[in-house]
Amino acid sequence: MTSTATNPLLSTAALPAFASIRPEHIQPAMTQLLDQARAALGTATAEATPADFDTLSNTLSVATERLSVAWGAVGHLNAVANTPELREAYNAMLPTVTEFYTALGADEKLYAKYKAIQAQAASLNPVRQQVLRHWIRDFVLSGAELQGEARERFAAIQERSAELAQQFSEHVMDATDLFAYYASADELQGVPDDVVAAARAAAEAQGQAGHKITLHFPCYMPVMQYGENRALRETLYRAYATRASELGQSELDNSALMQELLALRQEEAQLLGYSNFADVSLVPKMAESGAQVMNFLRDLASRARPYAEKDLAELREFARESCGLADMQAWDVPFVSERLKLARYAFSDQEVRQYLTLPRVLAGLFDIIERLFQVRIHEGQAEVWHDSVRFYRMERDGEPVGQFYLDLYARQGKRPGAWMDEVRGRWARPDGQQQLPVAHLVCNFASPTGDKPALLTHDDLTTLFHEFGHGLHHLLTQINEMGVSGISGVEWDAVELPSQFMENFCWEWDVVRQLSHHVDSGETLPRALFDKMLAAKNFQAGLQTLRQIEFALFDMRLHAEPGSELKVQGLLDEVRQEVALLIPPDFNRFQHSFSHIFAGGYSAGYYSYKWAEVLSADVWSAFEEEGVFNPATGQRYLQCILEMGGSRPAMENFKAFRGREPRIDALLRHQGMA
């Protein structure tokens, strides 16, 4: 056995020792924790163990929670501090860990015990009844009712799917990291100075001449928006749009992985008695069927289309008359859009960015959270995986509420995108200790350059607020049952409500004024500039809505139509013909890096973003009616939604807050499509 003293993954401390974890710790620690979890499962399923909620929960939960925290730490490091050695160690244990969780979720004896508890469910409190409902549902979806060969095949599918999803994610990360274009100063005409400076520093760090241009978003997007060199924009667009496809490096091609994943998901659905994977995916969600989701998306598309057509006509006319681009191409769209926005509203993202310094933004964000939810946020001490990561404690009335890590900058070896993940959840432990929630909040912003702080675009600002919304959902829960505290057990198509809700603050003058501070002069963002931003808020909202619907409809059809794995590109083309106005070039392979659905849990669930927007816009409209910083409204939102976690259906939470069912009007109004 490996001693706790020498293996940080075996520590029982409240926080993982991230700086101390090494690849060689993974195999011995996970082997030991898996053995302990298997032993706990053996005890829980023994005939002598009574079918009692507390007994079963306490017998299993301590061992499985230790396992999930340790494996979560390893998975997190694999996503944010990836090295070849860490990846190898992670992938070596992935099949064994997947096999354990598959077996746990389908254990017949354990399932029988929970069914016995269900027979006396009336004696449980409402929260525990909800936990039990979820357990029983999840057992069925995990193959607990399968027998013989079907059971073995189901387990094999889970293991292989986990491997494929991991490979998909690695291919996207590697394809993003491996691309570099060394540009001359002349090629970077129009690109913001700080982006040019960062590119020059990146080239110098590698002993290269010129400026290192990468596909990491803080570098890629400003070049696409501001770079006047059309050939450079095309080069970057081609590289970005063909990442991890057959048009790039063959060893990073995700084509076969997508095909196999979709076929396995369809096979899994049939084993469980469903006609397609979309039906399986929707069982624990608010939406009732694939048909309902597709009707919702198509209805929204028809409402957005007239606005999108107007957006595109204006864009093409401006490209032709003001940019000399009679044949506007995909790599011109961000550039022309930015020029049009500048011409129409007399400001650019780059101008706004000078006022959004990260230190002031964080201080302003923390102040909003403190005012709304009566908490205090302080910087704390913890082991971190990179020297730019910060750690914070959240308190109420001097008592701890939760803790979170903040990892905000893009770098090599870090997965693209932004996300919140849980380190551990709120839980009344069997030993009588109150466990408090801990979260990771991860973004990929441009790093500080020289002695200047990091600068955020307004899009970056909304991303930060979005992820904090997820974080608050996890951290402010008052539910002590692990399966339904925080974000656990919340329907996937409602889980975006608190994140999208927080984005609205980024459009409030009192908020933006407070969190703005010009990087050179220290001045607050001028009201006139904010008014221009507000006027431009719904700039191209029609086109953006259609784009989200394109992704969501593609995802739903992929998982609702058996045989889709044989025509992934064809199906995407069909969806684009139906809903899109801006059709990408033939070489575009967007699907090959669509990690949300192939490696991120959003399979047959990408529609959740639009579905939850209906809910979040309607919730925000209550704040508009009653006062954005009205303490009573903030408390009602806290108590009805954030504190409740997944302890009751999301629709009940919504109705408790709003006093009625959701309506789509607020969303259409907020997006200028009413």
Side-chain angles (χ1 to χ4, degrees), residues 181 183 186-196 199 213-243 304-354 446 457-460 462 529 532-551 576-577 579-590 671-673:
Y181 178 87
D186 288 349
E187 288 178 288
L188 296 178
Q189 289 296 315
V191 177
D193 292 345
D194 60 325
V195 178
V196 174
I213 306 300
T214 72
L215 299 182
H216 291 284
F217 220 68
C219 177
Y220 171 78
M221 203 59 211
V223 178
M224 297 304 291
Q225 282 180 300
Y226 301 101
E228 293 166 16
N229 188 310
R230 195 183 190 196
L232 175 60
R233 296 200 307 267
E234 181 178 355
T235 298
L236 287 184
Y237 177 86
R238 279 183 182 273
Y240 194 85
T242 56
R243 284 178 304 158
R305 194 171 187 88
Y307 298 93
E309 286 170 343
K310 186 165 169 281
D311 290 342
L312 185 56
E314 289 171 350
L315 196 61
R316 287 203 166 120
E317 182 185 3
F318 186 83
R320 191 171 54 249
E321 297 188 359
S322 301
C323 303
L325 294 169
D327 62 331
M328 183 179 72
Q329 299 296 324
W331 46 90
D332 300 319
V333 171
F335 177 77
V336 176
S337 295
E338 190 58 32
R339 287 278 173 108
L340 173 58
K341 190 162 78 173
L342 182 61
R344 177 175 298 170
Y345 303 105
F347 83 97
S348 73
D349 285 350
Q350 188 57 20
E351 184 185 352
V352 174
R353 195 165 165 253
Q354 306 308 305
T457 64
H458 193 265
D459 278 350
D460 291 339
T462 55
L529 178 54
K532 291 173 187 176
M533 292 163 61
L534 210 53
K537 180 189 174 190
N538 293 316
F539 177 62
Q540 297 184 345
L543 281 174
Q544 286 166 8
T545 299
L546 287 192
R547 188 164 177 263
Q548 285 293 96
I549 291 168
E550 174 191 323
F551 298 166
R576 284 173 173 158
Q577 286 302 321
V579 297
L581 291 177
L582 270 172
I583 308 288
D586 289 344
F587 62 77
N588 181 291
R589 294 290 182 271
F590 155 76
Q671 297 189 345
M673 298 190 296

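Quick note: numbers below take in every heavy atom, side chains included, and nothing from hydrogens, waters or symmetry partners. Note that this is a predicted model, so its numbers are computed, not measured.
Side chains of Thr235 and Ile213 form no contact here, defined as non-hydrogen atoms less than 4.5 Å apart. Within the 4.5 Å cutoff, no side-chain heavy atoms of Met221 are placed close to those of Tyr240. At least one side-chain heavy atom of Val352 sits under 4.5 Å from a side-chain heavy atom of Phe347.
To the nearest 0.5 Å, the span separating CD on Gln544 from CG on Leu582 amounts to 11.0 Å. Here Arg233 contributes atom CZ and Tyr226 contributes atom OH; the two are 13.0 Å apart, rounded to the nearest 0.5 Å. Note that the OG1 atom of Thr545 and the CD atom of Gln671 stand 4.5 Å from one another [nearest 0.5 Å]. Between Met673 atom CE and Tyr307 atom OH the span is 7.5 Å, to the nearest 0.5 Å. In this structure, NZ on Lys341 lies 8.5 Å from CE on Met533, to the nearest 0.5 angstrom. Between atom CG of residue Leu236 and atom OH of residue Tyr181 there is a gap of 8.5 Å, rounded to the nearest 0.5 Å.
No donor-acceptor pair under 3.5 Å is formed between the side chain of Tyr345 and the backbone N or O of Leu340. Without hydrogens or angle criteria, Lys532 side chain to Ala346 main chain gives a donor-acceptor distance under 3.5 Å. In this structure a side-chain-to-backbone donor-acceptor pair under 3.5 Å is present from Gln354 to Gln350. Here the side chain of Asn229 pairs a donor or acceptor atom with the backbone of Leu232 at under 3.5 angstrom. Side-chain atoms of Asp311 come within 3.5 Å of backbone atoms of Gly542 as a donor-acceptor pair (strictly under, hydrogens ignored). Checked by atom type and distance alone, the side chain of Asp332 pairs as donor or acceptor with a backbone atom of Gln329 at under 3.5 Å.
Judged as a side-chain contact (heavy atoms from CB on, under 4.5 Å), and not counting sequence neighbours, the contacts of Glu228 are Gln189, Phe335, Arg339.
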Sequence neighbours excluded and cut-off under 3.5 Å, please list the side-chain donor-acceptor pairs for residues 312-323, or say none.
residue	atom	partner	partner atom	Å
Glu314	OE1	Arg344	NH1	3.4
Glu314	OE1	Arg344	NH2	3.0
Glu314	OE2	Lys310	NZ	3.4

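Nearest heavy atoms, Asn538 versus Gly672: ND2-N, 3.3 Å.
Annotation for Asp327: atom CG counts as buried by contact number, over 12 foreign heavy atoms lying within 6.0 Å. Residue Arg305 qualifies as enclosed at atom CZ: its count of foreign heavy atoms under 6.0 Å is above 12.
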For Arg576 and Asn588, run side chain to side chain contact (heavy atoms under 4.5 Å, CB included): C-alpha distance rounded to whole Å, both residues' side-chain angles, the deciding distance at 0.1 Å, then the answer.
CA-CA 12 Å; Arg576 284 173 173 158; Asn588 181 291; 3.6 Å; yes
Verdict with supporting geometry, Ser348 and Glu338, side chain to side chain donor-acceptor pair (under 3.5 Å):
CA-CA 7 Å; Ser348 73; Glu338 190 58 32; 4.5 Å; no
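Between Glu234 and Arg230, no side-chain nitrogen of the basic residue sits less than 4.0 Å from a carboxylate oxygen of the acidic one, so the salt-bridge criterion is not met. Ionic pairing of Arg353 and Asp460 is not present here: no N-O contact between side-chain nitrogen and carboxylate oxygen is shorter than 4.0 angstrom.
Note: Phe587 and Tyr237 have perpendicular aromatic rings, judged against thresholds of 30 and 60 degrees for the angle between ring planes.
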